Amino acid sequence: MVKMAQEVEVYPFKDIEPKWQRYWEEIGLFRMDPSSPKPKYYCLMMFPYPSSALHVGHGRNYIIGDVVARYKIMKGFNVLAPMGWDAFGLPAENAAIKGGLHPKVSTLQNINTMKRQLRSWGVGYDWDREATSCLPDYYKWTQWLFLQLYKKGLAYKKRAAVNWCPSCQTVLANEQVIAGCCERCDTQVTQKDLEQWFFKITDYAERLLDDLKILKDWPERVKIMQTNWIGRSEGVEIDFPVDGSDLKLTCFTTRVDTIYGATYIVLAPEHPYVEELIKDSEDRENILKFIDEARNESLIERASATVEKKGMFTGRFVINPVNGRRIPLWIANYVLMEYGTGAVMAVPAHDQRDFEFAKKYGLDIVVVIDNPKGHLEASKMQQAYIEEGIMINSHHFDGLPSQVAINKIADFMEEKDIGRRAVHYKLRDWLISRQRYWGAPIPIIYCKNCGTLPVPEEDLPVFLPENVRFKPTGDSPLKDVKEFVNIRCYKCKGPAKREIDTMDTFVDSSWYFLRYLSPKEEKRPFDTGLVNKWLPVDQYIGGIEHAILHLMYSRFIVKVLFDLGCVNFKEPFERLFTQGMIIKDGAKMSKSKGNVVSPDKLIERFGADTVRFYTLFIGPPEKDAEWSDRGVEGAWRFLNRVWRLAEQFVEYKDHRPHLGAEHPDIRHLGARQTTDHRPKDILRLRQKTHLTIKNVTEDMEGEFHFNTALSSIMELVNEIYDYVGSQLPAPSSQLKEAIETVIILLAPFVPHISEELWERLGNKGSIFKLSWPEYDPQALIQEINLVVQINGKVRSKVEVDSDSSDEKIREAVLSDAVVKKWTENKSPKNIIIVPKRLVNVVV
RNA sequence: GCCGGGAUGGCGGAACUGGUAUACGCACGGGACUUAAAAUCCCGGGCCCUUUAAGGGUGCGAGGGUCCGAAUCCCUCUCCCGGCACCA
């Protein structure tokens with residue numbers, strides 16, 4: 001760590017930073033003005049869960065967002081940059097169970113800590129619009145949202161095998177299970193049969209997929225992840241009559257071209273027909289035992305492709321409807337009830353899983369698609385042939401290419417009514433109930449007479465009782481709160497019970513960006529007029545970890561609201577930016593790993609602007625980056641360098657003596673006199689100034705490559721130092737412009753020091769009231785160095801005017817001494833001139 | 001296994017639609033200032049060979065190709081990171 005001698009003169013960030021933070025609040029820099037005629041810009045950061053303290057990794061998100069907001073303010077937009085709190089959730093409740101504070105108390109405390117931290121970073125928000133999801137004025141409307149889905153039939157309760165986290169003592173949505181483990185605590189997830197509330201997101205699968213095309217400014221990888229998660233497959237559902245029974249088994253396949261090669265059918269152990277089908281089997285006991293074992297395999301075992309495929313013959317047969325072949329019916333652990341129909345037609349010759357299974361249990365293998373590169377012999381195959389080919393053993397489809405047959409067979413089946421085209425998705429419905437306390441109560445009551453009833457909207461909110469006993473039981477602690485649970489039915493006035501589960505916090509976060517437009521609204525969740533004016537969000541910024549969860553749920557909820565006529569847009573987020581993580585010692589920062597870098601200490605030592613600068617300079621913001629304390633010092637040095645430069649200029653401006661003997665730096669600068677190139681140097685300085693404006697603006701408008709934007713500004717500062725250092729500069733408009741440009745371009749990144757220097761240079765008012773500078777294309781044109789290559793190798797350079805004709809350039813190049821040396825005795829075959837870049841002489 | 005993304009000095013990373021590879025910063029070496037240090041300012045640097053100077057060769061994970069010219073385009077391969085993972 002650095003030693004910081006007290007006597008060293010450094011810029012006074014400790015005075016500057018609070019001063020300007022106060023000033024921005026006073027002038028309401030971040031207060032959105034509803035009556036402004038300026039174009040709107042909704043800049044949204046994913047609202048955080050209020051944990052005890054932020055580290056520099058969290059800071060990256062807010063700093064990036066703050067840079068964007070400040071830049072857009074300078075570009076003349078009416079910027080909306082709100083902030084809120086995703087304040088329900090497990091950690092606060094778990095802390096309470098361990099004997100800590102009540103979740104409400106700890107959450108509100110954490111919010112205060114985080115607000116202080118955000119402020120100390122110089123990150124600005126329109127705090128009048130703050131929304132906190134754990135407060136009744138917010139969750140009232142989360143409950144309202146539930147009721148809307150309920151009314152539309154999009155919220156329903158069903159008994160199902162669900163993911164259960166034994167550590168969190170609650171169910172999880174499919175999206176919250178990562179490789180068979182809980183996304184929060186990494187505990188292995190088990191299966192439980194429970195009655196749970198779901199949102200019918202599967203009804204929106206097609207639209208969630210299709211509308212990804214609208215999202216042009218989303219990272220491709222996020223769209224791909226969502227596409228894969230939705231998992232659309234086109235195929236055919238085929239009915240297989242069970243021999244000696246009225247039952248029909250329907251199988252879904254994407255490879256109907258292989259139907260003639262189906263040699264057996266496999267059912268999932270959970271398939272509803274299993275019981276009926278095996279009731280007369282001699283082997284019934286063993287089959288039931290097998291099913292039981294398969295169902296008890298953990299998710300991780302079931303999900304893993306490497307687990308051994310196991311199955312049992314049911315003793316029954318089904319009829320392949322295309323050829324009348326009687327084929328055996330099996331039950332196997334590798335068939336999933338949740339996907340397709342829970343019954344699969346097996347074609348061992350053309351599916352690797354079926355192939356392995358058939359080999360293991362001695363089932364028939366029939367080739368129906370031949371490899372054009374060499375005839376397939378079922379008995380000799382080492383693995384399934386899954387590619388396209390020529391149809392064989394398939395009656396009148398023989399000889400067709402399989403990719404043609406696939407459609408013809410589907411037509412044929414629809415004609416004969418033995419099958420039909422169908423689309424299936426991997427996406428499952430969203431399980432939203434949680435057996436936990438710290439969430440929005442699900443607004444449902446159960447009446448013995450009237451059944452399941454939604455709480456009337458006028459009775460919202462269903463208040464979350466505060467006086468509860470926290471214990472990890474697997475049931476919501478609300479179960480024991482009698483005055484909460486036991487109520488009268490509003491219909492029959494008889495005794496009724498409230499739903500005791502609360503909602504997944506992802507429901508809270510699926511609509512918060514609408515609440516910001518009218519956070520104090522009491523009569524409705526949001527002001528439709530304002531929301532329609534301000535949405536979609538122009539720029540959304542957050543972590544890649546939400547690529548599927550939050551971002552898909554929000555898209556779903558907005559589409560539901562669109563269908564309800566509550567909003568007039570189909571997608572909530574126009575442009576998405578996902579920033580990378582900050583890594584320390586090779587790992588994500590976390591308390592348990594002990595590698596957390598606290599921003600508070602760094603701000604204390606170097607100031608917020610240094611932390612901001614380094615965080616932005618560390619690398620491209622969408623990529624992960626390794627934190628380096630040394631790098632912070634580099635940022636600190638640079639800001640001091642800017643400070644000294646500007647301070648020096650303040651002295652010029654005032655015509656005060658600037659070569660004071662006491663000040664070694666300036667004495668030194670004055671002492672170095674070289675030949676006077678001033679007119680040329682001044683042009684070069686102006687060129688660099690305008691080139692920097694161009695580069696920085698392009699980085700701001702493009703992919704947010706703030707690291708290169710800052711590099712450009714540093715180059716300009718170096719150029720100014722060179723200019724100032726090589727002569728005794730008289731105050732000039734070009735030098736003034738260069739220094740002012742540095743300060744203005746730096747403003748979105750390091751706002752405190754920029755405001756202060758701007759003021760010290762004699763300007764009034766906030767630097768953010770200026771408009772962003774535009775570059776002068778004329779300033780970029782001047783004499784240029786053309787690189788001269790001989791046969792593609794750099795050998796020399798010539799200086800020419802930027803508007804020289806090719807003829808002139810050719811002349812200049814051929815008369816160059818180095819070129820002459822290399823082309824001696826040879827005449828140039830070809831001379832390639834790349835305008836403003838290089839000349840290649842081919843000999 | 002499938003689908004993405006990536007590999008550039010000692011390190012983080014630049015390089016516009018193919019056109020001076022290594023900008024900017026960190027670390028390092030040298031110098032100035034200083035009693036000294038810190039801070040600051042200036043200079044230096046891919047690697048190899050040669051050298052008084054200058055110069056030459058080579059170099060963007062590996063190998064090949066297209067082109068006057070390739071980090072960038074094409075083919076083959078290696079490794080790393082992320083997502084999905086028995087989806088029929």
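In what follows, chains carry the letters A, B, and so on, assigned in the order in which the sequence lines appear, proteins first and then strands, with residues in each chain numbered from 1. Computed from a prediction, not measured in an experiment: that's the story for all the values here.
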Next item on the list: Indicate, yes or no, whether a donor-acceptor pair under 3.5 Å links the base of B:rC68 to the side chain of A:N840.
Entry: yes
Can you check the distance between [N] and [M], where both ends of the measurement are the [atom1] atom (answer in whole Å)?
{"N": "B:rC26", "M": "B:rA62", "atom1": "C1'", "result": "30 Å"}
{"N": "B:rC47", "M": "B:rG9", "atom1": "C1'", "result": "9 Å"}
{"N": "B:rA85", "M": "B:rC75", "atom1": "P", "result": "30 Å"}
{"N": "B:rA23", "M": "B:rU8", "atom1": "C1'", "result": "13 Å"}
{"N": "B:rC68", "M": "B:rG63", "atom1": "P", "result": "23 Å"}
{"N": "B:rC84", "M": "B:rA70", "atom1": "P", "result": "41 Å"}
{"N": "B:rA14", "M": "B:rU72", "atom1": "C1'", "result": "14 Å"}
{"N": "B:rG18", "M": "B:rG1", "atom1": "P", "result": "34 Å"}

Between [X] and [N], is there a contact of a side-chain N or O with OP1 or OP2 at under 4.0 Å?
{"X": "A:R644", "N": "B:rC41", "value": "yes"}
{"X": "A:N707", "N": "B:rA14", "value": "yes"}
{"X": "A:S233", "N": "B:rA88", "value": "yes"}
{"X": "A:R641", "N": "B:rC41", "value": "yes"}
{"X": "A:R795", "N": "B:rU20", "value": "no"}
{"X": "A:R221", "N": "B:rG5", "value": "no"}
{"X": "A:R637", "N": "B:rA27", "value": "yes"}
{"X": "A:N695", "N": "B:rA14", "value": "no"}

Next item on the list: Please work out whether the ring planes of A:H546 and A:H550 are parallel, tilted or perpendicular, with thresholds of 30° and 60°.
Entry: perpendicular
Looking only at the side chain of [X] (C-beta and beyond, no hydrogens), which of the listed nucleotides [options] gets closest?
{"X": "A:K426", "options": "B:rC24, B:rC84, B:rG83", "answer": "B:rC84"}
{"X": "A:Y339", "options": "B:rG25, B:rG83, B:rA88", "answer": "B:rA88"}
{"X": "A:V335", "options": "B:rC68, B:rA88, B:rG13", "answer": "B:rA88"}
{"X": "A:P620", "options": "B:rA14, B:rA88, B:rG19", "answer": "B:rA14"}
{"X": "A:V344", "options": "B:rA88, B:rU20, B:rA15", "answer": "B:rA88"}

Round to the nearest Å and state the distance from [X] atom [atom1] to [N] atom [atom2].
{"X": "A:Y721", "N": "B:rA32", "atom1": "OH", "atom2": "C1'", "value": "16 Å"}
{"X": "A:E545", "N": "B:rG82", "atom1": "CD", "atom2": "P", "value": "14 Å"}
{"X": "A:F617", "N": "B:rA14", "atom1": "CZ", "atom2": "P", "value": "10 Å"}
{"X": "A:I832", "N": "B:rG69", "atom1": "CD1", "atom2": "P", "value": "8 Å"}
{"X": "A:W229", "N": "B:rG4", "atom1": "CH2", "atom2": "P", "value": "19 Å"}
{"X": "A:H271", "N": "B:rA88", "atom1": "NE2", "atom2": "C1'", "value": "13 Å"}
{"X": "A:K223", "N": "B:rG83", "atom1": "NZ", "atom2": "C1'", "value": "17 Å"}
{"X": "A:N640", "N": "B:rG25", "atom1": "CG", "atom2": "P", "value": "15 Å"}

Item checked: Axial cation check for A:Y721 ring with A:R641, 6.0 Å and 45° limits -> yes
Check: Knowing that exactly one of A:I720, A:I739, A:T741, A:L745 qualifies, which makes a side chain to side chain contact (heavy atoms under 4.5 Å, CB included) with A:T689?
Finding: A:T741
Notebook entry, point to check: Which way is the base of B:rG9 turned, syn or anti, if we draw the line at 90° from 0?
Noted result: syn
With a 4.5 Å heavy-atom cut-off, do [X] and [Y] have their side chains touching?
{"X": "A:I230", "Y": "A:M552", "value": "yes"}
{"X": "A:Y361", "Y": "A:P328", "value": "no"}
{"X": "A:R612", "Y": "A:V67", "value": "yes"}

Next item on the list: Return the set of residues passing ring-ring contact (aromatic ring centres under 6.0 Å, His included) with A:F252 (not counting sequence neighbours), or none when no residue passes.
Entry: A:H424
Next item on the list: Using Watson-Crick or G-U wobble pairs with both distances under 3.5 Å, give me RNA chain B in dot-bracket, 5' to 3', with [ ] for crossers and | for pairs to another strand.
Entry: (((((((..(((......[....))).(((((.......))))).((((.....))))..(((((..]....))))))))))))....
Note to self: If you take the centroid of each ring, where Trp contributes its six-membered ring, are A:F617 and A:F706 closer together than 6.0 Å?
What the structure shows: no
Give one of base, sugar-phosphate or nothing for [X], where a contact means two heavy atoms less than 4.0 Å apart.
{"X": "A:V834", "value": "base"}
{"X": "A:I224", "value": "sugar-phosphate"}
{"X": "A:T253", "value": "sugar-phosphate"}
{"X": "A:D354", "value": "nothing"}
{"X": "A:E220", "value": "nothing"}
{"X": "A:G231", "value": "nothing"}

Checklist line | Nearest-nucleotide 5' precedence on RNA chain B, A:S712 against A:M345 | finding: A:S712
Next item on the list: Considering only NZ, NE, NH1 and NH2 on the basic side and carboxylate oxygens on the acidic side, decide whether A:E234 and A:R421 come within less than 4.0 Å.
Entry: no
Checklist line | Donor on one side chain, acceptor on other, A:N718 and A:Y723, under 3.5 Å | finding: no
Next item on the list: Verify the distance criterion only: is there a donor paired with an acceptor across the side chains of A:E206 and A:Y425 at less than 3.5 Å?
Entry: yes
